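Single-structure report; data block below.
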Protein chains: 2
Amino acid sequence: MAARDYGQYSGISQALELIGERWALLIVRDLLVGPRRYGELAAGLPRIPSNILATRLKELQAAGVLRRVPRSRVIVYELTPYGRELEPVVLALGAWGFKALGEPRDEQVITRESLTIDLRTAFRPQVAAALPATAYRARLGATELLIRVDGPALDVASGDGPADLAFATGPDLRRVITGELAPDRAIATGVVEVLHGPGGLLDRFASTFHLAA
Amino acid sequence: MAARDYGQYSGISQALELIGERWALLIVRDLLVGPRRYGELAAGLPRIPSNILATRLKELQAAGVLRRVPRSRVIVYELTPYGRELEPVVLALGAWGFKALGEPRDEQVITRESLTIDLRTAFRPQVAAALPATAYRARLGATELLIRVDGPALDVASGDGPADLAFATGPDLRRVITGELAPDRAIATGVVEVLHGPGGLLDRFASTFHLAA
DNA sequence: CCGAATCCGGCTCGATACTG
DNA sequence: CAGTATCGAGCCGGATTCGG
């Protein structure tokens with residue numbers, strides 16, 4: 001236990017010993033969206049080997065970050081209160097990394113969980129509070145999200161439901177969120193395809209979800 | 001390059017590919033205190049192998065996190081503006097890990113850099129702003145720090161200088177910062193030894209630097 | 001089928017020695 | 001002082017197998 005230890009008595013080294021191993025923080029990120037089963041975690045992290053996922057789940061459980069909960073004949077993993085306190089860390093780290101995102105490579109996937117957290121990262125509650133409540137349905141590749149903004153509150157769910165604006169897009173949505181691509185240009189160039197509702201609402205979307213590059 | 005890749009197009013996975021490797025964030029933490037030479041970094045991270053330090057410095061440089069700067073015949077490493085934007089991440093992570101700190105093990109060291117960042121983590125600007133400007137000199141084992149609080153500003157330096165309160169302590173200072181140990185009890189039990197100035201100022205210190213457990 | 005455990009090759013990491 | 005070289009241990013990644 002002392003061998004692979006950072007050997008420092010400090011907050012950060014302690015944090016890194018709890019969630020600094022490879023894949024650990026991505027598991028935490030996905031669990032921030034909600035409790036998940038083993039297979040759901042594996043599906044959301046396509047490149048994680050199953051032995052690593054099993055090992056990390058045990059380590060994170062031992063660290064008090066998550067819990068293994070039997071729920072109606074199946075097992076789900078959920079964050080403990082202490083684990084949920086990682087949300088500001090994950091959002092801050094996501095905001096930092098988001099700025100360094102370039103063009104997506106072919107092998108890179110966008111999952112529902114990662115997109116949900118990225119949207120939470122870019123969400124500006126104080127801006128949203130001044131705008132009318134709005135529901136967006138966004139299709140990004142194969143994943144479909146229902147994004148409901150009501151005052152300073154954000155709710156991202158899968159599935160359908162009534163939406164003021166429905167649109168289909170791709171990874172280049174990032175350029176709208178960074179402000180690199182104006183909403184009307186995004187529609188004009190086909191980066192965003194409006195499926196339903198007034199395209200002008202994409203302006204509101206871009207104001208609500210923004211992260212300077 | 002694709003082999004050890006997380007394979008996701010998201011802010012967090014991008015961040016982890018830049019600073020998720022072992023030791024990387026500890027290097028960033030130490031550089032947040034100020035530019036450092038190779039040997040200073042190695043001294044501040046006693047357990048890092050020299051080849052890993054050299055490798056990380058190259059990777060972090062390639063990632064745009066730090067720069068290698070010749071300065072009057074020696075080379076120093078300093079964070080780029082983008083690297084400095086990791087400060088909120090490091091502070092948030094440090095605050096989270098700080099709460100999980102238990103009793104220090106014998107082999108664990110406390111360095112000037114780690115202590116400086118831990119103090120920044122626990123610093124409460126809004127509380128400090130309402131208190132008179134105060135300078136503390138803290139000796140923790142072998143490291144001596146001059147902590148100057150002036151309104152909402154915090155400055156931590158090594159070396160000496162005039163201080164309103166000077167005290168010697170150990171790792172158990174953590175229990176004062178978490179509120180687990182009241183300042184007067186800390187002095188009574190010898191956890192904090194007042195070297196100079198009125199011991200009552202330790203109350204002010206505990207109000208200024210606080211992190212709930 | 002879900003939730004892992006097992007096995008194995010390769011590569012990272014850790015420790016130490018060495019060099020300009 | 002600022003790294004580079006070397007080498008063994010062990011973690012990670014990929015595939016397969018196993019139990020409920």
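Throughout, a chain's letter reflects where its sequence line sits, starting with A, and its residues are numbered from 1. Small disclaimer: the values here were computed from a predicted structure and weren't measured. Only this structure's heavy atoms are used, side chains among them; waters, hydrogens and symmetry mates stay out.
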Item to check | A/R148 vs A/Y136, side chain to side chain donor-acceptor pair (under 3.5 Å): CA-CA, chis, key distance, verdict | outcome: CA-CA 6 Å; A/R148 273 176 302 211; A/Y136 309 89; over 6 Å; no

Checklist entry - What closest approach, in Å, do B/E21 and B/E59 show between heavy atoms, and which atom pair accounts for it? => result CG-OE1, 4.4 Å

Next on the checklist: Could you go through B/L16 and A/W23, starting from their C-alpha distance and side-chain angles, then the distance that decides it, and tell me whether this counts as side-chain contact (heavy atoms from CB on, under 4.5 Å)?
Outcome noted: CA-CA 9 Å; B/L16 291 176; A/W23 293 104; over 6 Å; no

Next on the checklist: Regarding C/dT12, can its base be found pairing with the side chain of B/T55 as donor and acceptor, where the two atoms are less than 3.5 Å apart?
Outcome noted: no

Next on the checklist: Base, sugar-phosphate or nothing for B/R73? Non-hydrogen atoms, less than 4.0 Å.
Outcome noted: nothing

Checklist entry - Is a donor on one side and an acceptor on the other found under 3.5 Å between the side chain of A/R174 and the backbone of A/L101? => result yes

Next on the checklist: Just the rounded figure in Å: distance from P of D/dT4 to CG of B/L57.
Outcome noted: 10 Å

Next on the checklist: Does A/N51 contact D/dG14 through a side-chain donor or acceptor facing the base, at a distance under 3.5 Å?
Outcome noted: yes

Next on the checklist: Check the phosphate of D/dA2 against B/K58, side-chain N and O only, distance under 4.0 Å to OP1 or OP2. Yes or no?
Outcome noted: no

Checklist entry - Contact class for A/L53 vs. all strands (heavy atom < 4.0 Å): base, sugar-phosphate, or nothing? => result nothing

Item to check | Parallel, tilted or perpendicular, as decided by the 30° and 60° cut-offs, for the rings of B/F209 and B/F123 | outcome: tilted

Next on the checklist: Looking at the base of C/dA5, is there any donor atom on it, or on the side chain of A/S50, that sits under 3.5 Å from an acceptor on the other one?
Outcome noted: yes

Checklist entry - Does B/R68 make a side-chain N or O approach to OP1 or OP2 of D/dG3 shorter than 4.0 Å? => result yes

Checklist outcome for this item: One would report the end-axis bend of the helix from C/dC1-D/dG20 to C/dG20-D/dC1, five pairs per end and rounded to 10 degrees, as 30°

Checklist entry - Short question: side chain of B/E40, backbone of B/R37 - any donor-acceptor pair under 3.5 Å? => result yes

